[in-house]
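Chain identifiers are assigned alphabetically (A, B, ...) following the order of the sequence lines, protein sequences preceding nucleic acid strands; residue numbering begins at 1 within each chain. Treat the numbers as computed from the prediction; the structure is a model and nothing was measured.
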Amino acid sequence: MKTYNPSEIESKWNRIWEEKPVNKDDGKKEKFYCLDMFPYPSGNGLHVGHWRGYVISDVISRYHIMKGQYVIHPMGWDAFGLPAENYAIKVHEHPSISTEKNIDNIREQIKQISAVYDWDMEVNTTDPKFYKWTQWIFVQMFKKGLAYEKQMPINWCPSCKTGLANEEVVDGACERCGSPVTKKNLKQWMLKITNYADRLLDDLPNLDWPEKVKKMQTDWIGRSYGAEVDFPIDGRNEKITVYTTRPDTLFGCTFMVLAPEHEMAKSLATPENEKAVDDYIFETSKKSSVDRLQNKEKTGVFTGSYAINPINGKRVPIWLSDYVLADYGTGAVMCVPAHDDRDYEFAKKFNIPIIQVISKNGKATSDGRIPMDGITPEDGNVLPENEGAYTAASGIMINSGEWDKMESSELKVKAPEIIEKKGLGKKKKNYKFRDWVFSRQRYWGEPIPIIHCEKCGPVPVPEEELPLLLPDVDSYEPTGTGESPLAAMEDWVNCKCPNCGGPAKRETNTMPQWAGSSWYFLRYVDNKNESELVSKERAKKYLPVDMYVGGVEHAVLHLLYARFYTMFLHDIGVVDFDEPFKKLFNQGMITGKNGIKMSKSKGNVVSPDDLIRDYGCDSLRLYELFVGPPELDAEWDDRGIDGVYRFLSKLYRLVMEEKDKDVKETPELVRLRHQLSYTITSRMKNFSLNTVVSAFMEFNNKFQELSKTTGVDKETLCTYARLLAPFAPHIAEELWEALGNTNSVFEAGWPEYDEKLMEEDTIEIPVQVNGKTKVVVTLPKNVSKDEAIAAGHSAVDSKLSGNVVKEIFVPGRIINFVVK
RNA sequence: GCAGGAGUGGCGGAAUGGCAGACGCAGCAGACUCAAAAUCUGCCGGGGGUAACUUCGUGUGGGUUCAAGUCCCAUCUCCUGCACCA
């Protein structure tokens, strides 16, 4: 008897599939686009954690092939960017060489998964034929005014020696290397992603994405509604505009705080406060953003100047404090200590009056006047009833002049308009997120296709001259000066203005890694097109992506950028949809022991190579699924793979023993067959891939038992092979062939099931006494209540002590006697 | 602080309100073997009992229900994300 030999079976079927692909577009099939987040070709190669997402997406792809669809399942390389360049520097090899080597290496590793990738569709972001279009998109954005230059302090990673987008800064540190991020004043190319803020937000509810990711994008964009209010400066013909989401509390404003970076900060200082103000501004400028974030203890300095609250004409002191952010809103806030935690803390620390303007329980405080510790109460100076600020917008307005007795929640909505009508300010919508800093001062990226002309300003490289090739340089290491290594290449930098022909200089910054990944998924389906990014016809036929599988780490970076790019390409007529990914699935991470992330430095990386050699690809695929629910993190344990290997060995032996026996099908076998199809199909639909594997094992155990008695019929074994095909494709093909079939199992279609044929004649029903199961009885499936109760009594009467006060029978479920 | 997720045997994990621990790993005992590996069979949450059986048991405390891992209220711990955004 032949035993299961995975390496023999797998190389055989890999060869056959190479010659006769199982996934074909006959022009009639419905398409299904199943996409993986493409990897950057790191020098370390793949570990079992990388496999997980690829196995999941391949199972989905093969399932859809079995369902009769044409599946677009491509793979490519996100090969520009910092990781690739840092690796090249480390191994002293030009990034173009090291990247190519790494791609060749990873491609071979990915092929070991035996996924149905269509390698004719492969893309590589560093291929000039690809980045021609990355540059083309930038030029289109420039023409539409969405790409613009700005001199400003940006996030700077001193270790990577480049500017970073806000999205790339996590807790004040570089997302890549973890170094604390500093500020550097640089002239930058920016993309006006904020123009798309509302669309990026408002589309989210329609996407079939994990709620977590939608929430992260919502928070990141951070839209808020409120008002800008103008506060005249006392004794000067100037004003300060503040942004507030709580204009309803305007009467409670007792001071104002400006960010130390605010342009008026210095000029507001009165002579006697000048030194303190200067010192404070200087101290703040020295702090890193990490320090500023971590130290939540309020600090501040009084400028000596006052502003006039326009609603009631009261003078309020103007302070500076670093808890106000310069780049959000107007960089100045009105402070209502009674109804804002931060303002409350600040007021307490610096003894500023606190005036309550919302009564929580709908009543004004009884006497309305409670003196505050250490200060003399001014007229109308009231403390909140309890410790701390009352921040909810619900309750009745008090101490608020004409607004008294109004409901706070209603006023909050109406106030911006009231303020606008009174000419005190205007309605305003604000966003937390900023335009996208798009320049990188590094070598290994797409050159930004812009020429700077003294006369004409920035001029795009003419489209027919694209791609603008990344020139070969002697030294590609980052300079750290804020200039790209390209700046040193005078021959390349100096050029003629395409507009006026005069002397001009090329832009020397490159694009961020995200540039290519923001649109690569569009290119797969038309990757050889030299005249268009993607043809209308192919875009219509194959796009957008139906299922996107990848890690959650890209929730606000890649996924937000890709949506922005797609919306833009929609707007200029390249594609006719504006959301790229209909459905998103985030697989959990595979970690080493104790949940520690797999990394070379930790020495806990598990390579798939040895496992494939010892157990085969099918076993590893199954174990990647069996290790736990696909959306949760899972700890890798090498020993677990023995279980799935034993399962496949037993299954193989079963089929080899049963196939020539000519076993007649029995009602039990028919029932099991349909139950199997039903179980696998429904678990597949629920995405419960770990329990799919359990179900295969369970049914295999049942069939092992039956093989000792009635045997297992061919039809049932064939059904098993078809169901197994998306999960363990090689052995499924082998068994399918052994069972006498001459076509591929992937041409056999996904097995249907008939719920009627799944039903058993008898059912097992637990008999409970006071909810505790005492015994299980077997009854006919359509048993009546009376018969069931009678059967229940005869089964447990000997154990009943006391009177039965209630008899419960739930058909097919339970018999329960309530006894007193 | 806010939001989301999780808490079940030695371990990974199963359970449309209806037999808690499926399936697998590890472990124990046995069979085969000169022996080992592989394979096969049985056992495998805690307490009590030779056993039939009994009792407790899904982070903790309450509640709803004939019946709760599952629903409700409160609470603790861990993980993830966001965090002075006015």
Review point. Aromatic rings A:His554 and A:His558: how do their planes relate, parallel, tilted or perpendicular, breaks at 30° and 60°?
Key: perpendicular
Revision key, fill the gap. Looking only at B:G18, B:A86, B:C84, the nucleotide nearest the A:Val810 side chain is B:G18
Exercise for review: Consider the side chain of A:Met216, meaning its heavy atoms from C-beta on, and name the nucleotide among B:C66, B:C19, B:G81 that approaches it most closely.
Suggested key: B:G81
Tell me whether the side-chain N/O atoms of [X] come closer than 4.0 Å to OP1 or OP2 in [N].
| X | N | value |
| --- | --- | --- |
| A:Lys212 | B:G4 | no |
| A:Asn816 | B:G18 | no |
| A:Arg639 | B:C11 | no |
| A:Arg683 | B:A14 | no |
| A:Tyr323 | B:A86 | no |
| A:Asn701 | B:A22 | no |

Review point. Do A:Glu705 and A:Asn701 have a side chain donor and acceptor closer than 3.5 Å?
Key: no
Practice item. Please check if any side-chain donor atom of A:Glu167 sits under 3.5 Å from a side-chain acceptor atom of A:Tyr561, or the reverse. Key: yes
Exercise for review: Answer with yes or no whether A:Asp219 presents, from its side chain, a donor or acceptor under 3.5 Å of a partner atom in the base of B:C82.
Suggested key: no
Exercise for review: Indicate, yes or no, whether a donor-acceptor pair under 3.5 Å links the base of B:C84 to the side chain of A:Lys298.
Suggested key: yes
How long is the line joining [atom1] of [X] and [atom2] of [N], in whole Å?
| X | N | atom1 | atom2 | answer |
| --- | --- | --- | --- | --- |
| A:Lys650 | B:C40 | NZ | C1' | 10 Å |
| A:Glu698 | B:G13 | CD | C1' | 13 Å |
| A:Phe699 | B:G24 | CZ | C1' | 17 Å |
| A:Asp633 | B:A6 | CG | P | 13 Å |
| A:Lys349 | B:C84 | NZ | P | 17 Å |
| A:Met697 | B:G24 | CE | C1' | 6 Å |
| A:Glu228 | B:A86 | CD | C1' | 12 Å |
| A:Leu625 | B:C25 | CG | P | 17 Å |

Review point. Taking NZ, NE, NH1 and NH2 as the nitrogens, is one of them in A:Glu759 or A:Arg671 under 4.0 Å from a carboxylate oxygen of the other?
Key: no
Check your understanding: What does A:Val818 touch in the nucleic acid at a heavy-atom separation under 4.0 angstrom: a base, only the sugar-phosphate, or nothing?
Key -> sugar-phosphate
Exercise for review: Could you pick out which residue, A:Ser688 or A:Val693, lies toward the 5' side of RNA chain B when each is mapped onto its nearest nucleotide?
Suggested key: A:Ser688
Exercise for review: Between A:Thr691 and A:Glu764, just flag the one whose closest nucleotide in RNA chain B comes earlier from the 5' side.
Suggested key: A:Thr691
Review point. Between A:Thr681 and A:Lys685, is any pair of side-chain heavy atoms under 4.5 Å apart?
Key: yes
